[in-house]
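Here is the naming used below: chain letters follow the sequence lines, and residue numbers restart at 1 for every chain.
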Protein chains: 2
Amino acid sequence: MKKNAKAEKILDVALLLLKNEGDYGVTMRKVAALADMSLSNVQYYYKTKDALLKSMADRYFQSCLEQIKKIDTIQSDDCWKLEIEKLLRGFLVHGLEVTDMCRLFREYWAISTRNQAIDEHIKQYYREMVVILSDKLRPVAQSEQGLAKAVSVIIPFSEGYSITALAMPEDINSITSILQSLVVNLLQEQ
Amino acid sequence: MKKNAKAEKILDVALLLLKNEGDYGVTMRKVAALADMSLSNVQYYYKTKDALLKSMADRYFQSCLEQIKKIDTIQSDDCWKLEIEKLLRGFLVHGLEVTDMCRLFREYWAISTRNQAIDEHIKQYYREMVVILSDKLRPVAQSEQGLAKAVSVIIPFSEGYSITALAMPEDINSITSILQSLVVNLLQEQ
DNA sequence: TCACAACTAGGTCACTCGACCTAGTTTTGT
DNA sequence: ACAAAACTAGGTCGAGTGACCTAGTTGTGA
């Protein structure tokens, strides 16, 4: 049994609560009950609720970035445009069903409007996402300028699509195709 | 003094609280205090908290749609592409600063993941937004197909941009320009 | 004028919350 | 072996919460 196993389990359970019941739904007592330990025990690992919320955000945004890093870099071979489409589809698929990731981000977007620290976390997350995604696309980009434009289109669109997708008249295939040709054009910009 | 003046004031105050403190921040007592009336008085107009939250959502999404309806229809004159740009800028400007509208939508996006009724409200809102925006753009659309694609791009992008704008490398002018030429192309699709 | 509905105010109830306190038990380092 | 640190458990406290109750006051229509 790892030393930090309980502290990790508390974070797991707390994120589960955040996902299902929102930030005010995360109470020390509920966390304790779901983690199958006493209230005082939770409070031993996280002295205050703020400390718990901070640790949750630290770990969650970190894990999300690591997930993005796992995406394959687009290689400059003869089917790179197809690879772009696959990459875009991977982002847009969050619009079809509300995934755990979607739920947590929606909570954090809301919290960020009333919590300076979370707001900074999210901004930093998207800044790092820009860097990571740029690295993935750089091999097929004709200019840094075009690359910057491409990521500045992909990221906002995929976030917005995760919210609005089910209400749009065009389906994901059509949208992916439109976005793909736009991104390809931007990447080919001199 | 209108008959419903108090009921309306309660909704005003409650939306203010929702914006600033989230859904759990809306308590009957806080609403009463801010509306300068007694707790029982608030509870007279809205028997339960659920009833209050429902009325808030009903009125808010309604008012948002009416705001969108006020946007000028794009006329098919010789400067329609410039009008498109102006329209897009109006949407994207929500990315530069977190407006009241942004804050409330972020709250509702989060609430919708755990509240069926709000989820339906939001879906319906975006569906109506599709219709309204389509009407604005139809005069310059070469086909219904292209029109559907255009709105299916504009709406998700503007929502996502309101969240991510400040972390993107490209500024609003560059983004607006990219989106404008994309939308113009889609509208000219046969 | 009078009855009835609309409205207002103050209070109580059981419940939940984060923070704190105290007293044990286990583990660790020397 | 033993002291200190790490950990666990149970209890209490004041502050809020939504729902509910009762008793007044004002307004309106017949």
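- Here the two rings, on A:Phe105 and A:Phe61, have centers that are under 6.0 Å apart.
- Both tests pass for B:Lys47 against the ring of B:Tyr44: distance under 6.0 Å to the centre and angle within 45° of the axis.
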Output side-chain donor-acceptor pairs under 3.5 Å for residues 68-84 of chain A, partner residues at least two apart or in another chain, one line each.
unit_1  : atom_1 : unit_2  : atom_2 : d
A:Asp77 : OD1    : A:Cys79 : N      : 3.4

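- Sorted by first and then second residue, the side chain to side chain donor-acceptor pair (under 3.5 Å) pairs involving residues 30-43 of chain B (not counting sequence neighbours) are B:Glu21-B:Lys30.
- Between the base of D:dG10 and the side chain of A:Ser38 there is no donor-acceptor pair shorter than 3.5 Å.
- Note: CE (A:Met37) to P (C:dT26) measures 18 Å, nearest angstrom.
- Computed from coordinates, the B:Lys6 NZ to D:dT26 P distance equals 13 Å when rounded to whole Å.
- For NZ of B:Lys54, the number of neighbouring non-hydrogen atoms (other residues, nucleotides, ligands) closer than 6.0 Å is 12 at most.
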Dump the pairs, protein N or O against N or O of nucleotides 17-19 of chain C, anything under 3.5 Å, distances to one decimal.
unit_1 : atom_1 : unit_2  : atom_2 : d
C:dC17 : OP1    : A:Thr27 : OG1    : 3.3
C:dG18 : OP1    : A:Met28 : N      : 3.4
C:dG18 : OP1    : A:Lys49 : NZ     : 3.3
C:dG18 : OP2    : A:Met28 : N      : 3.0
C:dG18 : N7     : A:Arg29 : NH1    : 2.5
C:dG18 : O6     : A:Arg29 : NH2    : 2.7
C:dA19 : OP2    : A:Lys49 : N      : 2.9
C:dA19 : N7     : A:Gln43 : NE2    : 2.9

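- Between B:Tyr46 atom OH and C:dC7 atom P the separation is 12 Å, expressed in whole Å.
- Close to D:dA9, at under 4.0 Å from its OP1 or OP2, lies no side-chain N or O of A:Tyr44.
- Surrounding CD of A:Gln67 are at most 12 heavy atoms belonging to other residues, nucleotides or ligands under 6.0 Å away.
- If you take CG of B:Asn41 and P of D:dC20, they are 18 Å apart, rounded to a whole angstrom.
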